[in-house]
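Heads up: the structure comes next, in structure tokens.
This one's a predicted model, so the numbers in the text were calculated from it and none came from an experiment. Keep in mind that the numbers below use all heavy atoms, side chains included, and drop hydrogens, waters and symmetry copies. Proteins come first, then strands; the chains are lettered A, B, ... in the order of their sequence lines, and each starts at number 1.
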Number of protein chains: 2
Amino acid sequence: MGIQRKTSTIGLLLDQFKKSNQAIAAVELVDRLKEKVNKTTVYRALERLEDDGLVHSFLDRDGIKRYAICQDCNKDSHVHDHPHFQCTNCGKVDCLEEASVNIPKISGRTIHKTDVLLQGICETCSV
Amino acid sequence: MGIQRKTSTIGLLLDQFKKSNQAIAAVELVDRLKEKVNKTTVYRALERLEDDGLVHSFLDRDGIKRYAICQDCNKDSHVHDHPHFQCTNCGKVDCLEEASVNIPKISGRTIHKTDVLLQGICETCSV
DNA sequence: CTTACTTTTGCAACTGTGTTGCATTAAAAT
DNA sequence: ATTTTAATGCAACACAGTTGCAAAAGTAAG
């Protein structure tokens with residue numbers, strides 16, 4: 001349904017995304033805002049942000065829902081073909097906007113969505 | 001820890017995988033065997049099968065754990081770089097053993113595991 | 001075939017993420 | 001200021017998967 005009203009929850013969430021370029025777990029956002037906003041509200045506000053193309057969501061290696069800022073999306077066009085990277089050491093997740101993954105044609109099947117989750121060691125953890 | 005004893009649970013599970021080439025949800029297996037085996041036992045037996053390289057597991061679009069037969073794995077070598085395909089209409093999931101996805105090098109990060117979940121319409125549903 | 005040893009199982013209770021229904025609050029339009 | 005309806009809080013729920021522990025069942029040894 002998208003965002004109809006500018007509420008404080010929406011503002012607080014956008015602030016969180018501005019602080020870093022990482023994909024943040026929904027539970028993490030619930031926790032960060034727990035003094036100010038109810039968890040149901042956080043989940044529902046994230047849905048609205050996603051409907052409007054401001055953020056996109058995906059599941060990480062643990063099946064936990066994560067949200068990250070969108071670069072060039074809006075209410076009508078959401079394209080998220082970029083892979084995501086999760087560090088197996090620190091657990092952080094990044095969008096790899098610059099990397100493109102080539103998906104081969106699969107006979108008999110029509111592909112509409114591609115989810116790529118790469119796992120390994122990030123720069124910070126590889127010292 | 002792997003399989004130490006040939007139990008009926010292990011046999012029942014392998015039978016299920018022999019029936020089709022699809023990736024079966026753990027909950028689905030629990031349900032199929034619910035008259036014969038306790039759900040905890042199913043989860044633990046699947047773990048053992050995976051340890052021995054007989055099956056591999058991954059999360060589907062809903063974050064549900066699915067298991068599928070391995071082609072050429074064993075206790076020491078598990079390689080599962082093939083993509084998985086989930087039909088958005090019927091929900092079925094297949095291993096695309098033949099398709100290979102090309103993952104670009106990512107500067108500063110070492111990739112150890114690649115999970116690719118393609119979503120779209122399968123042959124049966126596209127009529 | 002009996003015994004001893006250890007893996008596997010069943011049960012019950014629990015975790016954790018995410019969802020639902022409903023009454024209340026608060027944007028925003030009139 | 002009043003009305004409208006989106007957004008919120010709360011409590012209860014849903015559901016996949018896990019844990020601890022006692023009982024059962026493989027397996028090897030005698």
Side-chain angles (χ1 to χ4, degrees), chain A residues 1-16 23-68 75 84 86 91-93 115 117, chain B residues 1-16 22-52 54-68 75 84 86 91-93 115 117:
Chain A
M1 217 181 73
I3 299 169
Q4 243 80 1
R5 293 176 188 184
K6 266 150 209 164
T7 65
S8 61
T9 307
I10 294 293
L12 289 166
L13 285 172
L14 289 175
D15 285 349
Q16 295 298 318
I24 314 172
V27 277
E28 168 70 18
L29 290 165
V30 166
D31 188 65
R32 288 190 198 171
L33 303 184
K34 66 166 175 276
E35 307 296 331
K36 295 172 183 163
V37 190
N38 180 271
K39 77 168 174 175
T40 309
T41 305
V42 172
Y43 280 109
R44 292 199 270 226
L46 286 169
E47 251 175 49
R48 273 178 274 138
L49 286 169
E50 186 168 25
D51 284 347
D52 284 0
L54 298 175
V55 301
H56 62 285
S57 72
F58 58 94
L59 301 182
D60 71 8
R61 56 146 189 235
D62 303 307
I64 300 296
K65 201 165 196 177
R66 287 185 180 257
Y67 286 87
K75 209 171 294 192
H84 295 109
Q86 182 159 29
K92 297 259 170 77
V93 180
D115 282 324
L117 182 64
Chain B
M1 215 182 75
I3 300 169
Q4 242 79 0
R5 293 176 186 185
K6 267 150 209 164
T7 65
S8 61
T9 308
I10 294 293
L12 289 166
L13 284 172
L14 289 175
D15 285 350
Q16 295 298 319
Q22 268 153 8
I24 314 171
V27 276
E28 167 69 19
L29 291 164
V30 166
D31 187 65
R32 288 188 198 172
L33 303 184
K34 65 165 173 276
E35 306 297 328
K36 295 172 182 162
V37 190
N38 180 272
K39 77 168 175 176
T40 309
T41 305
V42 172
Y43 281 108
R44 292 199 269 226
L46 286 169
E47 252 175 49
R48 273 179 275 139
L49 285 169
E50 187 167 24
D51 284 347
D52 283 1
L54 298 175
V55 300
H56 62 285
S57 72
F58 58 94
L59 301 182
D60 71 9
R61 56 148 188 230
D62 303 306
I64 299 297
K65 201 166 197 177
R66 287 185 179 257
Y67 285 88
K75 209 172 295 192
H84 295 108
Q86 182 159 28
K92 297 259 170 77
V93 180
D115 282 323
L117 181 65

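To the nearest 0.5 Å, atom NE2 of residue A:His84 and atom CG of residue B:Asp115 are 13.5 Å apart. Interatomic distance, NZ of A:Lys36 versus OG1 of A:Thr41, reported as 14.5 Å (0.5 Å rounding). Summarising the geometry, atom CZ belonging to A:Arg48 is positioned 7.0 Å from atom OG1 belonging to A:Thr9; distances are rounded to the nearest 0.5 Å. Rounding to the nearest 0.5 angstrom, the gap separating the CG atom in B:Leu46 from the CG atom in B:Leu13 is 5.0 Å.
The ring pair (Phe, Tyr, Trp, His ring centres under 6.0 Å) pairs that include a residue from residues 24-49 of chain A number zero, where partners must be two or more places apart or lie in different chains.
Contacts between residues 35-51 of chain A and DNA chain D, defined by a heavy-atom separation below 4.0 Å, involve A:Lys36, A:Val37, A:Asn38, A:Thr40, A:Thr41, A:Arg44, A:Arg48, listed by number.
Here the P atom of nucleotide D:dC15 and the CG atom of B:Leu59 are 19 Å apart, to the nearest Å. Between the P atom of D:dC10 and the NZ atom of A:Lys34 lies a distance of 15 Å, rounded to the nearest Å.
When side chains are defined from C-beta on, B:Leu49 counts as touching B:Leu14, because their heavy atoms get closer than 4.5 Å. At least one side-chain heavy atom of B:Leu54 sits under 4.5 Å from a side-chain heavy atom of B:Ile3.
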> With the sugar-phosphate defined as primed atoms, P, OP1 and OP2, and the base as all remaining atoms, what B/S/- string results for nucleotides 23-30 of chain D, 5' to 3', for protein heavy atoms under 4.0 Å?
Replying inline: --BBS---

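First and last contacts of DNA chain C with chain A, using any nucleotide atom under 4.0 Å from a protein heavy atom and ordered 5' to 3', fall at C:dT17 to C:dA28.
At least one donor-acceptor pair closer than 3.5 Å links the side chain of B:Asn38 to the backbone N or O of B:Thr40. With hydrogens and angles ignored, the 3.5 Å screen pairs a side-chain donor or acceptor of A:Glu50 with a backbone N or O of A:Ser57.
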>> The test is side chain to side chain contact (heavy atoms under 4.5 Å, CB included); show your working for B:Gln22 and B:Glu28 and say whether it passes.
In response: CA-CA 12 Å; B:Gln22 268 153 8; B:Glu28 167 69 19; over 6 Å; no

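Remark on the helix from C:dC1-D:dG30 to C:dT30-D:dA1: inter-end axis angle 30°, axes from five-pair C1' superpositions, rounded to 10°.
Closest non-hydrogen pair, B:Val30 versus B:Lys39, comes out as CG1-CB, 3.3 Å.
Counting non-hydrogen atoms under 4.0 angstrom, B:Ala25 reaches nothing in the nucleic acid.
Contact check on B:Asp31 versus B:Lys34 returns a salt bridge, with a Lys/Arg side-chain nitrogen under 4.0 Å from an Asp/Glu carboxylate oxygen.
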Per-pair distances, 0.1 Å, donor-acceptor, side chain in residues 58-67 of chain A, under 3.5 Å, sequence neighbours excluded:
unit_1, atom_1, unit_2, atom_2, d
A:Asp60, OD1, A:Asp62, N, 2.8
A:Asp60, OD1, A:Gly63, N, 3.2
A:Asp60, OD1, A:Ile64, N, 3.0
A:Asp60, OD2, A:Arg66, NE, 2.8
A:Asp60, OD2, A:Arg66, NH2, 3.4
A:Arg66, NH1, A:Ala23, O, 2.9

